[in-house]
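Atoms considered below: every heavy atom in the structure, side chains included; atoms not considered: hydrogens, waters and symmetry mates.
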Amino acid sequence: MSQEPDPTTTGGITYDLVLAGAEQGDIAVSGGRIAAIGSGLRSHAQRVVDVSGRLVTPGLIDLHTHVGPGYWGIDPDPIAWYSGVTTWVDAGSAGAFTLAGLRHVAAAAAVRVPALLNISAVGLAGRTGESRDLANCDTALAIDTIRANRDLIHGIKVRIDAETVGPNGVEPLRRGLAAAEACGVPVMVHIGSSPPALDEVLDLLRPGDIVTHCASGIAAPLGPAVRAAAGRGVLLDLGHGSGGFAFDVLEAQLDAGLRPFTVSTDLHARSLHGPVFDLPTTMAKLLATGVPLPEVVEAVTTHPARALGLPGGTLTVGGPADIAIFEVRDEPFPVVDAHRQVRVSPVRLVNEATYVGGRLLTARLPAPPAPWIPLTEAQHAALSRRERDIRALLATPLVDVDGLAEQFPRTKPRSS
C-alpha cells in the first residue's frame, strides 16, 4: 500500500521518521503508527534511517515468554532492544491471585506485554506444582478475572505434566477450557512428562487452542493424536524453553508435514542464558532444519498476532509502528536444542534496531540471574567475563580530545 505525503500539512515535514530503502519501500512513521509506505518519502521526514540491504520486519511477537513476577520471570526490556521482540506474551506467570503484579510489570515495560492467565490462581510463584491443589483451579474466578481484565488477558494457560498436576490428570485443563469457552479466548497448554497421557490432553483441544512445546523431546508428540489435533485447527507452538525443544522431534514432524504455526522462545530465567538466548537465535534453529526464512518470519509476526488477536504482526498503513531491522549474515551459525543436539543455520539474524510505537528502544543492561537459577560453571564464567567487558567498556573515556568540542569557550578579557 502506498500513500503519498502532503508536504503542505506541516510546513514540508510530514513524518516523524522514515525508514528508507526497505524492500517494502520507504516506511514512514507518525504518532507511533505507520503513516505511509511507498517511494520518495524521505524528503518529508524529521529523521531518516537508511535500511537498504537489511531485513525489515514487523516487530517480533513472542507467543510464549515469562516476564511476570515469580520463579521464572525476567525483565523483557534489556533483551528486547537487541532482539527485535516488541510484544512479549506472558504465558501464565500470573493467575487470578497474582495478576496485579503482572499488570505492574506490563505498565512499566517499554514493550507490549499481553497475557495468558494461568488457570491456577497462584500462577508461577514457584517452580512447579501450581495445579496440584484443584481449589486453585477455580473456573468461576478465572472467568471473572478475564472479564475484568480484557485489556491485558488474551487467553488461558494450563501446564499439564506430572509434576504440575500431580494426581489431578487433565482436570485443570478441563477447567481452563471451560473458562476459555465462557470468555471466547483460546487455551495454551504446556505438554511435558506424563501422566496424564499426551493423547488425552490433545484430544480435548479445540480449533484455535495452542499446544506449546510442540517439538518437545520429553512429550515427543509424533503420533496420530498430534496429526489429528493439527488437522482440526489446533495450533502448534514451538515454546523452546529449557526443556521443551528437540531437533530430532521437529525434524520428524517436518517430515510428516507438521510445522509449528508459531515459533516462540519460552524465554525465562532458566532459559535466557542458554539454551534459548533470544528469539532470533530460536528462529535460526528453524532455518537450520530447512524451514525457509519467510515462513519463519511469519511464525513470529503474523501468525502469533492472529492466534491471540493481537495488534501488530504486519507492516500496514495505520498499524502500530512496531518494527525490527536485521542484518542477515550469510555465515554458518551453530545452534543447540534443549538436549545439546547441534544443527547449523545457513544464516544468522542480527538485530540492528527495534522500534515500539515508533520509539527506538535504547540499550539496557540486564540484571544478574536470580540466586535460585541453576547455571553451569561455563555460564557463570561467561557472565563474569561479560560483566568485566562491560565495566571496561564503560570505564574507558568515550572519545579522545579530537572527538570533543569546546562547549563553553573562554572569552578574551577586556583591556583596561
Side-chain angles (χ1 to χ4, degrees), residues 22-24 54-67 76 79-91 111-114 116 154-155 186 188 210-215 235-241 244-245 250 253-254 258-268 271-272 275-316 319-329 333 335 337 345-356 361:
E23 184 179 359
Q24 301 91 332
R54 296 299 187 252
L55 174 66
V56 180
T57 74
L60 306 187
I61 300 173
D62 196 335
L63 195 70
H64 186 164
T65 72
H66 291 284
V67 299
I79 305 148
W81 74 272
Y82 67 81
S83 67
V85 182
T86 57
T87 298
W88 296 63
V89 179
D90 185 275
V111 294
R112 305 182 194 276
V113 183
L116 303 176
H154 291 260
M188 174 186 281
I210 303 161
V211 177
T212 194
H213 313 311
C214 72
L235 307 179
L236 303 181
D237 172 61
L238 194 75
H240 190 312
F245 169 61
L250 176 62
Q253 291 175 336
L254 294 175
L258 294 173
R259 290 198 174 184
F261 183 72
T262 51
V263 173
S264 70
T265 59
D266 186 18
L267 200 62
H268 53 64
S271 65
L272 172 60
V276 176
F277 303 109
D278 54 45
L279 187 52
T281 302
T282 303
M283 294 166 68
K285 299 179 188 188
L286 274 290
L287 298 174
T289 61
V291 181
L293 179 58
E295 292 186 23
V296 175
V297 171
E298 286 182 345
V300 295
T301 54
T302 57
H303 288 185
R306 189 186 313 162
L308 294 183
L310 300 173
T314 61
L315 297 176
T316 55
D322 294 358
I323 304 169
I325 302 170
F326 294 92
E327 177 191 1
V328 182
R329 292 186 183 171
F333 180 36
V335 285
D337 69 6
S345 171
V347 298
R348 182 178 182 187
L349 302 175
V350 179
N351 179 253
E352 294 188 343
T354 303
Y355 296 86
V356 177
L361 297 186

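- For the atom pair Thr57 OG1 and Gln24 CD, the distance stands at 8.5 Å (nearest 0.5 Å).
- Side chain of Asp266 to backbone of His64: no donor-acceptor contact under 3.5 angstrom is found.
- How far CG of Asp322 is from OG1 of Thr314: 10.0 Å, rounded to the nearest 0.5 Å.
- Panel note: side chain His303, backbone Thr262; no donor-acceptor pair is recorded below 3.5 Å.
- From Phe245, atom CZ reaches atom OG1 of Thr212 across 12.5 Å, with rounding to the nearest 0.5 Å.
- The shortest distance between side-chain heavy atoms of Val85 and Pro76 does not fall below 4.5 Å.
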N/O donor-acceptor pairs under 3.5 Å from side chains in residues 275-294, not counting sequence neighbours:
residue	atom	partner	partner atom	Å
Asp278	OD1	Thr281	N	2.8
Asp278	OD1	Thr281	OG1	2.7
Thr282	OG1	Asp278	O	3.0
Lys285	NZ	His240	NE2	2.8
Lys285	NZ	Pro275	O	2.8
Lys285	NZ	Val336	O	2.5
Thr289	OG1	Leu286	O	2.8

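- Leu236 has its side chain out of reach of Arg259: every pair of non-hydrogen atoms, C-beta onward, lies at least 4.5 Å apart.
- When atom types are taken as modelled, the side chain of Gln253 and the backbone of Pro260 share no donor-acceptor pair closer than 3.5 angstrom.
- Scanning both residues, Gly241 and His268, for their nearest heavy atoms gives CA-NE2, 4.2 Å.
- Here the CG-CD1 distance, from Leu272 to Ile79, works out to 4.5 Å after rounding to the nearest 0.5 Å.
- Across all non-hydrogen atoms, the minimal contact from Trp81 to Thr354 is O-OG1, 3.5 Å.
- Taking every heavy atom of both residues into account, Gly312 and Ala305 meet most closely at O-CB, 3.6 Å.
- By the 4.5 Å heavy-atom criterion applied to side chains, Leu310 and Arg112 are not counted as neighbours.
- Interatomic distance, CD1 of Ile61 versus OG1 of Thr86, reported as 6.5 Å (0.5 Å rounding).
- When all heavy atoms of Ala80 and Leu361 are compared, the pair lying nearest together is CB-CD1, 3.8 Å.
- Looking at Asp90, its side chain never comes within 3.5 Å of a backbone N or O of Val113 through a donor-acceptor pair.
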Intermediate values then yes/no, side-chain contact (heavy atoms from CB on, under 4.5 Å), Asp62 and Ser264: CA-CA 5 Å; Asp62 196 335; Ser264 70; 3.2 Å; yes

Stepwise side-chain contact (heavy atoms from CB on, under 4.5 Å) test for Ile210 and Leu308: CA-CA 10 Å; Ile210 303 161; Leu308 294 183; 4.1 Å; yes

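- Side-chain atoms of Val89 and Pro114, non-hydrogen and from C-beta on, do get closer than 4.5 Å to each other.
- Here CH2 of Trp88 is found 5.0 Å from CG of Leu267. Values are rounded to the nearest 0.5 Å.
- In this structure, Gly313 and Thr302 approach most closely via the heavy-atom pair O-CG2, 3.1 Å.
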Trace of the side-chain contact (heavy atoms from CB on, under 4.5 Å) decision for Leu60 with Thr301: CA-CA 5 Å; Leu60 306 187; Thr301 54; 4.0 Å; yes

